[in-house]
Amino acid sequence: MEERKKRSSDGRDNVDDRPNKTPHSETTPDLIPSNTTCYFQILGTGMDTHDTLPSVLLFFDNLRFIFNAGEGLQRFCTEQKISLSQIHYIFLSRVCSETTGGLPGVLLTLDGVRCFVSVRGPSNLKYLVDTMRSFISNGALVDIESFESSLSSIDLKHVKDVKISSIVLQPTPGDMSVVYVCELPEIKGRFNKAKALALGVRPGPKYSQLVQGQSVKSDHQDIMVHPSDVMDSSLPGPIVLLVDCPNESHLQQLLSTDHLNNYFTDFSGSPGSSKVVNCIIHLSPASVVSSLKYQNWMKSFGSAQHIMAGHERKNMKIPIFQSSARMITRLNYLCPQFFPSPESTSIISNEDSDLKLCESIAAENLQKFVLRPHSKHGLDKSCVPSLLVPTEIIDELHSEIPDITFAAQNVRQLWHTSTESTGEISSVKDVKFSVKGPWLDDDTLPSCLENIGREDMEIVFLGTGSSQPSKYRNVSSIHINLFSKGGLLLDCGEGTLGQLKRSYGVDKADDVMRGLRCIWISHMHADHYAGLARILVFRRELLKEDPYEPALVIGPKKLKRYLDAYQRLEDLDMVFLDCQHTTKDSLNGKIDSVDNVTEIKSLKKILSDAGLEALISFPVVHSTQAFGVVLKAAERANSIGKSIPGWKMVYSGDTRPCEASIEASRDATILIHEATFEDGMVGDAVDKDHSTIEEAIGVGNSAGAYRMILTHFSQRYSKISVFDSTQMHNSCIAFDMMSVNVADLPVLPKVVPYLKMLFRNEMALEQS
């Protein structure tokens, strides 16, 4: 997260912050302006894709609250120009990876721009704070307050715009969930000048006294005039509930609590008290919401509007991150081999489901429920994104770059081989090239790629940006797909689970997660591991009904402290191995690792099952305890029994160019190297211990690597970094959702000029 400190939050709120003002005279004053803006807004409902998890914004003219901060919140707000720097409070309904996965990134951003926020939640919040001490400075939080009692009125430090209360549901010790009750003050009635004149009060200072609640003597009658005599009826303040009831145990306690009785209606449909609930935002999952008990409980609130935010199932059609989806659609048109569409999805619209919800509506991204002004009270869908139509995106692309059609045809020609029926590449000379340039050097195919099939290995780039997520690039993560033999993750930044769902499709991603045996983390910067807990918890939940082995996490020693602290919140069901004990010296017995015998055996079994010969970590030049990694496939036999060496893949992690990287990458089949900065920014690269594109390519060339893929680009480059094509004879630029099959490595650099064509306008802007 080293770049955060020098960045301010980009973006602004998607509404005008300035309150509407009307002429205000002494003779007709309003105690509270009726045109003050206030609304609840849904910030992401990506329950199927896990791009985001339900978060809710409570917006006032000069005050902001957020309820829950799941993964993807910061990225979503960046895209929608919702400024996190104006958030005052964050409330958590539960303390777990589902509701807090995006909190570290949000706090790091706020710390970087010197904005402070207060966090409120159930009492196990203190354990979450312990997990974040490794990367959140003490100054990042103004204060933290947790609550254990079943009913608490939350102290909002002089905030008078809203009263927020918490009702804690705790069926078992430590298993807490919170229902939040948000109550706005009543809108005082307007001063009625006609009534005042009829009671003999002349215009002047007495009008203001009456508005301020003071009684005055009539100027023309021998009576006292009271405020109630001259003020119109007040409007009761709106009340909104946010309900997170995660399972049956919590539901039983929700149904038995007395703290909500004052908000129920009686059997005739009349309010049981003066407190009428206007809206309930349900964060509860479909398994709970669909139960008859929950449905009957919902009916207890009479005419309240119910917004169901906890079971959205149509986000493959309406992507959460639309800018990224648009770019991937364009890339898919140009080169579907490297940018495939998801193979399978589960798209279930709420309207088509069997849930018979109690007069409710499904939440949608950016949907609002307006509380003030009263004249606009109710649902507002004006900001809800429209359906993403791929044909319209491609039509725009044709208009912008007319020759893109021919480029796409040429790219497809690169895959016409003499062994097209098997999908194998036997020789680079079999590829029919239709373009010219220095990237077409007729190099020799490495022996490890001889007759290699498409079910051997695939590299899927889940995040290719640095520091913090942007509209177009998520933070670091790479999935090594070994198909029927499972897979590994290299780094695991925030949003990795959502990127997996987008890349593989909702259903197939679950299979990928079931086959995930090992996660390797390069170093202790949050953009490389903040998504780890969510991945581990999700995997555990998927496999809970089947016998399985815990995931093996390999990372720097400090990562163990983070994971141990997090285990107090949720069972991660994993074993840990220090990167230092997977170096060449350690594995060769030169470093004593007697304490890790069990973990080393687990690693060897995982590698054997995956068809890998070795996983070797090596130190690099970045932060303390920063590593790169080598993966080596086991030998295989061809159709005539000839022994063929396995491929060698190297991932640099974050690093300056160094001898350790060159040595580890010696004769690599493929080197994935960070290239944070363009060539003219060597000074910045040195200051931050990163590499430029030229330096990264230099490492690969010095090591004799066959192919290179550059990744981890500074987010200063919105879509693509600036690079010199003449350097790219054996290299390529990575993008989110890019899938590179080992059988396609000969073709890889030949796509570069077409990528440059696709982004030529953006590159021109970057260079200017």
Strictly distance-based, threshold 3.5 Å: is any side-chain N or O of [X] a donor or acceptor partner for the main-chain N or O of [Y]?
X: T496; Y: G493; answer: yes
X: Q209; Y: V216; answer: no
X: T257; Y: L254; answer: no
X: T131; Y: Y566; answer: no
X: T99; Y: G70; answer: no
X: N68; Y: S93; answer: yes
X: S323; Y: K471; answer: no
X: Q86; Y: R64; answer: no
X: E71; Y: E494; answer: no

Quick check: do [X] and [Y] have side-chain heavy atoms less than 4.5 Å from each other?
X: E248; Y: L251; answer: yes
X: F60; Y: L58; answer: yes
X: T109; Y: Q468; answer: yes
X: C182; Y: L242; answer: yes
X: L184; Y: C38; answer: yes
X: L92; Y: V178; answer: no
X: L57; Y: I87; answer: yes
X: H88; Y: S118; answer: no

Work out which heavy atom in [X] is nearest to a heavy atom in [Y]; give both atom names and the distance.
X: V289; Y: S284; value: CG2-O, 3.5 Å
X: G237; Y: R372; value: CA-NH2, 4.1 Å
X: S97; Y: R534; value: OG-NH1, 3.5 Å
X: H250; Y: L169; value: CD2-O, 3.7 Å
X: F191; Y: A196; value: CZ-CB, 3.7 Å
X: A309; Y: A363; value: CA-CB, 3.6 Å

Measuring from [X]:[atom1] to [Y]:[atom2], what's the distance to the nearest 0.5 Å?
X: I281; Y: I307; atom1: CD1; atom2: CD1; result: 5.0 Å
X: Q170; Y: S249; atom1: CD; atom2: OG; result: 12.0 Å
X: C383; Y: E364; atom1: SG; atom2: CD; result: 12.0 Å
X: L84; Y: Q74; atom1: CG; atom2: CD; result: 6.0 Å
X: N192; Y: M231; atom1: CG; atom2: CE; result: 9.5 Å
X: L532; Y: L497; atom1: CG; atom2: CG; result: 12.0 Å

Inspect the contact between [Y] and [X] and indicate whether a charged nitrogen and a carboxylate oxygen are less than 4.0 angstrom apart.
X: D48; Y: K501; result: no
X: R540; Y: E570; result: no
X: R94; Y: E98; result: yes
X: R120; Y: E145; result: yes

* Given T45, T52, D51, the one that forms side chain to side chain donor-acceptor pair (under 3.5 Å) with N365 ->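 For N365, the side chain to side chain donor-acceptor pair (under 3.5 Å) check succeeds only for T45.
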* Asked: Would the number of heavy atoms belonging to other residues, nucleotides or ligands and lying under 6.0 Å from NZ of K195 be above 12?
  ->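 Yes.
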* To do: Take atom NZ of K217 as the centre, draw a 6.0 Å sphere, and report whether it contains more than 12 heavy atoms from other residues, nucleotides or ligands.
  =>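 Check passes, neighbour count above 12.
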Centroid-centroid distance, [X] to [Y], less than 6.0 Å:
X: F369; Y: Y39; value: no
X: H50; Y: F538; value: yes
X: F301; Y: Y263; value: no

* L63/V159 under side-chain contact (heavy atoms from CB on, under 4.5 Å): CA gap, chis, key distance, verdict -> CA-CA 9 Å; L63 195 63; V159 173; 3.4 Å; yes
* To do: Dump the intermediate steps for side-chain contact (heavy atoms from CB on, under 4.5 Å) on K126 and S123, then the final yes or no.
  => CA-CA 7 Å; K126 59 181 177 288; S123 59; 4.3 Å; yes
* To do: Report the C-alpha distance between I90 and L103 in whole Å, list the side-chain angles of each, state the deciding distance to 0.1 Å, and finish with yes or no for side-chain contact (heavy atoms from CB on, under 4.5 Å).
  => CA-CA 9 Å; I90 297 175; L103 187 59; 3.7 Å; yes
* V119 and L125: side-chain contact (heavy atoms from CB on, under 4.5 Å), yes or no, with the steps? -> CA-CA 9 Å; V119 181; L125 176 59; 4.0 Å; yes
* Would you check, one step at a time, whether the test side-chain hydrogen bond (donor to acceptor under 3.5 Å, both in side chains) holds for Y180 with S165? => CA-CA 6 Å; Y180 286 104; S165 303; over 6 Å; no
* Asked: Among F91, Y89, F59, which one satisfies ring-ring contact (aromatic ring centres under 6.0 Å, His included) with F67?
  ->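 Testing each of F91, Y89, F59 against F67, the sole residue satisfying ring-ring contact (aromatic ring centres under 6.0 Å, His included) is F91.
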* Does the side-chain hydrogen bond (donor to acceptor under 3.5 Å, both in side chains) test come out yes or no for H226 and S215, once each step is laid out? -> CA-CA 4 Å; H226 304 287; S215 299; 2.8 Å; yes
